[in-house]
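Following: one structure in structure tokens, then a few remarks.
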Number of protein chains: 2
Amino acid sequence: MVKRSGVLEFAVLGILHEGPMHGYVLRKRCNAVLGSFRAFSYGSLYPCLKQLVAAGWIAEDTDASPAAAAGKRSRIVYRLTADGKEHFQELVAESGPSTWEDDGFGVHFAFFGRADTATRLRILEGRRSRLEERMDGFRAALTRTRERVDGYTLELQRHGLESVEREVRWLNELIETERQTGTTAARTTAGDGPDPSVHTSTT
Amino acid sequence: MVKRSGVLEFAVLGILHEGPMHGYVLRKRCNAVLGSFRAFSYGSLYPCLKQLVAAGWIAEDTDASPAAAAGKRSRIVYRLTADGKEHFQELVAESGPSTWEDDGFGVHFAFFGRADTATRLRILEGRRSRLEERMDGFRAALTRTRERVDGYTLELQRHGLESVEREVRWLNELIETERQTGTTAARTTAGDGPDPSVHTSTT
DNA sequence: GTTAGCATGTAAGGAGTTACATGATTTT
DNA sequence: AAAATCATGTAACTCCTTACATGCTAAC
């Protein structure tokens, strides 16, 4: 029983908003969108797709193109179901711990355009308070160990602290923008209606 | 067969350089040293310790303190063997992929003081070239998708790029220092002789 | 006609986590 | 004597990767 869920599931549902695809292109599209944050292998993608079908979030249409018609192994085209869209909206709005992790946040953020302003604000603020905790941790470590640790550990902690501080400033800007305008930074259209983002395109 | 290796193994061997300890304090010390980069649970620590014993990198001494002498479950004190020290030196010098990962790098860096200058330089440069690849990835993504993606994805990529650039600058400084002095930033004593770093202390 | 790349999958394993079980020792 | 916390472990599960197996189709 190889259960599957989490970040890959989320990404698949997110990508499928662009329209029906079969596994192969889905993975490419996925790795293109998530860019440098995460990459998935077929070994996890295909089993994940099956799970999502079983759960009812997506449906498979065995390719109806003329080329298929024989008894051959036709390509399977996956599309989002209504339930899947709904489920995705729940996931986007979710503020569970995984969202605050580094990985999880990158992926979540990649589909931010599909959440509404209130959700976005909540997620951004959640992430920020997580980072603030980390900052405290760094600062505590820095004062605690300043004398009895070698220069490298110190350097690492300093660099870590500065990175986190930078990200907090970034989040502050985003939160500010979000508060003022609600919808300036992006074309905001939550999960209904025609796609707010890219459709599969020639690359 | 629950195999174990990698970053936890590395951390355990690193920490045990400070002196013999039993599992409980080892984990605390570990999470203290690795601070905000990584935390381990007992569920992975204890099995890992057994593996390390089986491999001969560490040895267990059933606590010889007077309190134990009865038939009770005495606390097990782990100490590094000579083989273990040797193995750790190999691991520190290792430039395998996991070292360039974010997680792996933080942990590796935390024990940098136990590697020699040449090794340190190699690792720092390896990390840097990894980051440079990532930078290229970000830049490519930024130009590729500038028009057909919503503002959030763009923001994310920009922030990501800047973070990586910052880290590259940081690495450059470290590499520079390392090249000039070899041993200014830290009290450098590679894996022999008495400990270069902290001994178990009251906290 | 054979390499390259499209397309789908499975089996085994890796590196951990959570939740649970248990018992010893110290503090209040 | 009850509560906290020290101390050691196991079982089940998570979520993904690698390596493998397979077959189709387009390009050279």
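Heavy-atom minimum distance, A/V168 versus A/E132: CG1-OE2, 4.4 Å. Here the shortest heavy-atom pairing between B/L161 and B/L142 reads CD2-CD1, 3.8 Å.
Under 4.0 angstrom from either OP1 or OP2 of D/dC15 there lies no side-chain N or O belonging to A/S44. Side-chain nitrogen and oxygen atoms of B/S41 include at least one within less than 4.0 Å of the OP1 or OP2 phosphate oxygen of C/dT17. Applying the 4.0 Å criterion to OP1 and OP2 of C/dT8, one finds that A/K50 has every side-chain N and O outside that range. In this structure, B/R38 reaches the C/dG16 phosphate: one of its side-chain N or O atoms is under 4.0 Å from OP1 or OP2. Between B/Y42 and D/dT8 there is no side-chain polar atom (N or O) within less than 4.0 angstrom of OP1 or OP2.
If you check the side chains of B/E173 and A/H159, you find no donor sitting under 3.5 Å from an acceptor.
Side chain of B/R75, nearest nucleotide from D/dC16, C/dT10, D/dA7: D/dA7. For A/I76, whose side chain is taken as the heavy atoms from C-beta onward, the closest listed nucleotide among C/dT8, D/dT8, D/dC16 is C/dT8. Candidate nucleotides C/dG9, C/dT17, D/dG9 were compared by shortest atom distance to the side chain of A/Y46, and C/dG9 ranks first. With C/dG16, D/dT8, C/dC6 as the candidates, the nucleotide lying closest to the side chain of A/Y24 is C/dC6.
Remark: C1' of C/dT8 and NE2 of A/H22 are 10 Å apart, rounded to the nearest angstrom. Rounded to a whole Å, the CD atom of B/E9 is 12 Å from the P atom of C/dG14. In this structure, A/F37 atom CZ and D/dC16 atom P are separated by 17 Å, rounded to whole Å. One atom, CG of A/L34, and another, C1' of D/dC16, lie 15 Å apart when rounded to the nearest Å. Regarding A/L45, its CG atom lies at a distance of 10 Å from the C1' atom of C/dT8, rounded to whole Å. For the pair B/R27 CZ and D/dT5 C1', the interatomic distance rounds to 13 Å; values are reported in whole Å. At whole-Å resolution of the value, OH in B/Y78 and P in D/dT8 are 7 Å apart. Between B/F40 atom CZ and C/dG16 atom C1' the separation is 9 Å, expressed in whole Å.
Residues satisfying the side-chain contact (heavy atoms from CB on, under 4.5 Å) criterion with B/Y46, sequence neighbours excluded, are B/Y24, B/Y42, B/L49. Under the side-chain contact (heavy atoms from CB on, under 4.5 Å) criterion, B/A55 pairs with B/W57, not counting sequence neighbours.
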